[in-house]
**Q** 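Below: one structure in structure tokens.
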There are 2 protein chains.
Amino acid sequence: MALTQTAETRCSKPILVAVNKPFDDEGGLQALRSHPLFAALSGQDLQYILQQSRRLHLGHHQLLYRQDMPAHQFFFVISGCLRLYRLDSSGIDRTLDSIASGDCFAEVMIYADPPRYACYAEALKASEVLVIPVKAYQDLLEINPRYAQAALRHYAKRAVSRFHDLEIMTVQNARDRLIRYLIDLLPNGTEEGGEVELPLPKCLVASRLAMQPETFSRILADLKSSGLVRVNRSRLFISDPQRLVDISQ
Amino acid sequence: MALTQTAETRCSKPILVAVNKPFDDEGGLQALRSHPLFAALSGQDLQYILQQSRRLHLGHHQLLYRQDMPAHQFFFVISGCLRLYRLDSSGIDRTLDSIASGDCFAEVMIYADPPRYACYAEALKASEVLVIPVKAYQDLLEINPRYAQAALRHYAKRAVSRFHDLEIMTVQNARDRLIRYLIDLLPNGTEEGGEVELPLPKCLVASRLAMQPETFSRILADLKSSGLVRVNRSRLFISDPQRLVDISQ
DNA sequence: CTGAGTAATTGATTTAACTCAAGGTGGGGT
DNA sequence: ACCCCACCTTGAGTTAAATCAATTACTCAG
């Protein structure tokens, strides 16, 4: 059974069809400007993208797209957060990634052939996304090939980051996977401690790390009682990341 | 302990320093031409890349580069096969990818900052690789931004493929991970059966799938006795992939 | 504030996978 | 041909994690 009740079970149709107001918000525009895929764009070209795009509101647990759906848009998160997941035929729900405000996702669709979404995407809470037609960005790259430099850098980084995610998943025991996941959440890795916020509810972090929610809970309780992690709801305080790494392996 | 004896334990220094003969082989050149990153290059530009590159012979289990080493080159496999892996501080050896003849690897280094290899790379048998200076390819993209299109397509595909690898690893049980891995090796997925060759020795496939060699062996023995897979050394014959998928989940 | 529903925790039990250990097997070198 | 050395397989015992089952804690809507 699914680990959590998904949008799939609640609201039957994805909502990409909805047409909303154009994107004219100043704050959101600033955020878009600072994303690597858009930072280099001229004012005019950015305007073109925005004209072609639509702003979309997603409710709690609302489905944005389905696995295998034709992919003609990619997305930028103006506010809120989402997750990417897959559903087995048996209905097992496996979380693959969490998406935060300021992130782009499904942007690989710009070059996918055929363009079909590789997973489901749903909002974890009320969120605003910018729906960007793949074609619009392609047009821009066609006209100004210099823009490809930034895109290349972005894609290379994304590939590295996926590789790193994969690396975590080849760690064989649940505790060590969780520890590595936590270290990655820290802004400076093992360099210095700090407070991190889980980007997903605990049961979905568990799913992301290929373990059961009960296992997640027990491991975290362990780390807590060993004084390695201080837990407050979805906020974790890690004072000494190096100690965490030392007990793993 | 390491699952298998690695180059690390045998030969202490990576061999990137070696300077070999330039790349002038016709067969290898054809293969390079057909790689997405090089297919679009003009004869002159390809020649430039080849002039800057060196051909390198690697012996069985020879180390090509180390995790965290400064990365000024990327690679194209002319013949043979390699694997990418990481080593924990406790010496646990985790295989992350297998590289076959005709593949490019570490090519994300063209855009990495700072450019450091994310893992180890070693030859699994005697192999020939083309050592391409990152700078050479960067120069080309600088001069002809149109080349970036092909590179973008390649990087997007790579990101998708890593995402898919990650997806396999979120499958919680060993048997189902193995089944999915096998299906992916089939040229047409579940569409039709066929013979596949494991791209890695069994103990390394096990490592790649985050399980012990013994577990791998037992699962394969199970599948064999159920008539789902016919095993001949590292060659597996899968007559009905759909049946395999059906028993997973 | 209160109750309903979801998420998180905790306990007891079962099971899948790991570990340790002992044989096989097949290919490459002498 | 033979032996040697990896690699692989198989077995027995142990352990980590899954499963099943309750209880507790939040969150949100009314």
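Throughout, protein chains are lettered first and strands after them, A, B, ... in sequence-line order, and every chain is numbered starting at 1. If you're wondering where the values come from, they're calculated on a predicted model, not measured in any experiment.
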**Q** Tell me whether the OP1 or OP2 atom of D:dT19 has a side-chain N or O from A:Q212 closer than 4.0 Å.
**A** yes
**Q** First locate atom CG of A:D93, then atom OG1 of B:T170, and finally report the distance between them rounded to the nearest 0.5 Å.
**A** 10.0 Å
**Q** Out of the candidates B:V171, B:L96, B:L166, B:D165, only one should pair with A:M169 under the side chain to side chain contact (heavy atoms under 4.5 Å, CB included) rule; please name it.
**A** B:L166
**Q** Which pairs count as salt bridge (charged side-chain N to carboxylate O under 4.0 Å, His left out) when at least one residue sits in residues 224-249 of chain A, sequence neighbours excluded?
**A** A:E197-A:R235
**Q** Quick one: pull up CD1 in B:I99 and CZ in B:R83 and give me the separation to the nearest 0.5 Å.
**A** 11.5 Å
**Q** If each of B:V231 and A:I219 is mapped to the nucleotide of DNA chain D with the nearest heavy atom, which maps nearer the 5' terminus, i.e. the 5' end?
**A** B:V231
**Q** What is the distance, to the nearest angstrom, from the CG atom on B:L200 to the P atom on D:dC8?
**A** 10 Å
**Q** I'd like a list of close polar pairs between nucleotides 20-30 of chain D and the protein, N/O only, cut-off under 3.5 Å.
**A**
| residue | atom | partner | partner atom | Å |
| --- | --- | --- | --- | --- |
| D:dC20 | N4 | A:E214 | OE2 | 3.2 |
| D:dC26 | O3' | A:R233 | NE | 3.4 |
| D:dT27 | OP1 | A:R233 | NE | 3.0 |

**Q** For the CG atom of A:L87 and the OH atom of A:Y120, what is their distance to the nearest 0.5 Å?
**A** 5.0 Å
**Q** Ignoring the backbone of A:T215, work out which of C:dT9, C:dC18, D:dA17 is nearest its side chain.
**A** D:dA17
**Q** Grab the CE-P distance between B:M211 and C:dT19 for me, whole Å please.
**A** 14 Å
**Q** How far does CD1 of A:I132 sit from CZ of A:R54, to the nearest 0.5 angstrom?
**A** 12.5 Å
**Q** Rounded to the nearest 0.5 Å, how far does CG of A:L32 lie from CZ of A:F76?
**A** 5.0 Å
**Q** For the helix from C:dC1-D:dG30 to C:dA22-D:dT9, figure out the bend between the end axes, five pairs an end, and round to 10 degrees.
**A** 50°
**Q** Given D:dC7, D:dT10, C:dT9, identify the nucleotide with an atom nearest to the side chain of B:S217.
**A** D:dT10
**Q** Between C:dC18, C:dT9, D:dA17, which one does the side chain of A:K202 approach most closely?
**A** C:dT9
**Q** Once you round to the nearest 0.5 Å, how far does OG1 of B:T215 lie from CD of A:Q172?
**A** 8.0 Å
**Q** OP1 or OP2 of D:dA17 versus the side-chain N and O atoms of B:Q172: is any pair under 4.0 Å?
**A** no
